[in-house]
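Each chain gets a letter, A, B and so on, in the order the sequences are listed, and its residues count up from 1.
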Amino acid sequence: MNKLWLNFALNAPQIHSDVDEEMDLIHALLDAVDIHQTLTKNSLDLAAAFDLLIAAEYYKSVVHSGWVYCPSDDQPLLLYPYTNICPRCILKGKFEYHPANKPGSSGIGNATSKLLPLFIKTLLERNGKKVEIRKGIEPVDVFFIDRSTLPVTVFAAEIKASPLVTLPLAVISERMIEMGEGDEVAKHHSPSDLTQLFKARLFIYVPSQQVENVWSGKLYELGTKENPNDKFWSYRGIRQLVADRTFFSDYCSFWYAAFNSYEQKAANSVFWFTNACGQPVPRPDNWKRRRKGQGFESVSDSKSSVGMDRTDDIKKGIYQVLKISSEGKQPFPSAQDETSTMSEDFNLKVGIISNIHAVRHFEDYLKPLVDIVWTRENSRQIHTVADLDSSKPVFNLFDGIITLTQTLSRDDWVSSYFSFS
DNA sequence: ACCACGGTTCGGATTGGGCA
DNA sequence: TGCCCAATCCGAACCGTGGT
């Protein structure tokens, strides 16, 4: 039963980016947000920008397989989608199944739980705050440390990060033909390898609204992945792209629409680009069945939810903050602890950090809990606060839930420190 | 250096609640 | 009642860490 994590919070290793490309992209994204936000004043820009950072991470692992050949329009494309459909056909209202290209769980978890703290740190620093982020241990993911207060304030955070959308990659293809009944015919919509991946001109496919609810894809050039070891091609590409105001403005318009449809489960074709969009409606006759059972594939499973919106994750997060608070804010006195000297005195705050607030599940899963305060008391005779020793401290279940889209705070320090604008 | 361990995310399988 | 889908349960794959 040690509380090492508490004693070493101030001395834990600092989190830093070991590659320039990451910090370069973060700054470029925040520059783009600054410029765009002065025009639109839309509070979603930060979260939209963060999705591009995750996208850069996803695009790292693009491979030759997993592309879909889409012959429609005058320009055939090979597309590399991140939900289970052809992204171009869906904009015409047609569900054309093709498996999504989510990278494996392993690397991505680590990357995002580092990228979100770095993104927030950079953001706060650009607003003139001094920020230290340190690697948490045991139940804590990351510590945010504010040394401008006395005593020092330490925010112990549980991190949950997951993108709303990852836009498909695209390459321009020549029109393909195949053998039909003894004659060559135009190749139809089908899975295909991109045999010339390296040095191919890779684009991001951005849905752009023509007229009310009519969308069509625009291609923005990202650049090239030079060879298998070219890990940061997408970081370079997106950094250059976001300097283009047209791109960022188009992208944000799309992202707002996607966010709205995610929130309302609206009947909008860009809805099908968002994670956790569920089953296609109406389901086409030839829609793919699941491997087992009589169910059908989804476009994107409700489990692959957005931000902190996965139900399992909310529950896990609440347990974590409760455990951290209980151990950290009101330590059990024990002989062992008396002898161990706390390296420094600090004020502990506890909360959850995510890219996007719990849009769908706040009402059912979080709202009933937000106003809970607690204390530890082993008497069974407590029925009102008056039964408690009046000097007994009482704590918040969490001091804040900080996300790029919305901050829920129950603490003055949290409110002022994590104000993003 | 190696290994065992626990933590991460993702996604397949199962459960169960709401609705026709 | 039976069907459908989101919620939940659980395991795979993988990573970092701490002990030997």
Phosphate OP1/OP2 of [N] contacted by [X] side-chain N/O (<4.0 Å):
| X | N | result |
| --- | --- | --- |
| His361(A) | dA7(C) | yes |
| Lys160(A) | dT9(B) | yes |
| Lys315(A) | dA7(C) | no |
| Thr311(A) | dT8(C) | yes |
| Tyr365(A) | dA6(C) | no |

Hey, is the main chain of Tyr262(A) close enough, under 3.5 Å, to the side chain of Arg360(A) for a donor-acceptor pair?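 Looks like yes, one N/O pair under 3.5 Å.
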Would you check if the side chain of Ser190(A) reaches a backbone N or O of His188(A) as a donor-acceptor pair within less than 3.5 Å? yes
Nucleotides 18-20 of chain B: which of its N/O atoms have a protein N/O under 3.5 Å away?
none

Could you check how far [atom1] of [X] sits from [atom2] of [N], rounded to whole Å?
| X | N | atom1 | atom2 | result |
| --- | --- | --- | --- | --- |
| Asn355(A) | dT9(B) | CG | C1' | 14 Å |
| Ile314(A) | dT9(B) | CD1 | P | 14 Å |
| Leu115(A) | dT8(B) | CG | C1' | 15 Å |
| Asp141(A) | dG16(C) | CG | C1' | 13 Å |
| Gln320(A) | dG6(B) | CD | C1' | 12 Å |
| Asp312(A) | dT15(B) | CG | P | 16 Å |
| Ile159(A) | dT9(B) | CD1 | P | 10 Å |
| Tyr58(A) | dC10(B) | OH | P | 5 Å |

Tell me whether the rings of Phe248(A) and Tyr251(A) are parallel (<30°), tilted (30 to 60°) or perpendicular (>60°). tilted
Can you classify the ring geometry of Tyr80(A) versus Trp67(A) as parallel (below 30°), tilted (30 to 60°) or perpendicular (above 60°)?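 Tilted, since the angle between the ring planes falls between 30° and 60°.
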Students often get this wrong, so: under 4.0 angstrom with heavy atoms, is Arg310(A) touching a base, only sugar-phosphate, or nothing?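 Touches a base.
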side-chain hydrogen bond (donor to acceptor under 3.5 Å, both in side chains), that's the test. Do Asp250(A) and Tyr220(A) meet it? Break it down for me. CA-CA 10 Å; Asp250(A) 270 358; Tyr220(A) 282 96; 2.6 Å; yes
State whether Lys349(A) and Asp412(A) are salt-bridged, where the test is any N-O pair (Lys NZ or Arg NE/NH1/NH2 against Asp/Glu carboxylate O) under 4.0 Å.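 So Lys349(A) does not pair with Asp412(A) through a salt bridge.
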Measure from the side chain of Gln279(A), starting at C-beta and using heavy atoms only, and say which of dT8(B), dC5(C), dC10(B) lies closest. dC5(C)
Take Asp301(A) and Pro280(A), find for each the nucleotide of DNA chain C with the closest heavy atom, and name the residue whose nucleotide sits nearer the 5' end. Pro280(A)
Minimal heavy-atom distance between Tyr59(A) and Trp233(A), with the atoms involved, is O-NE1, 3.3 Å
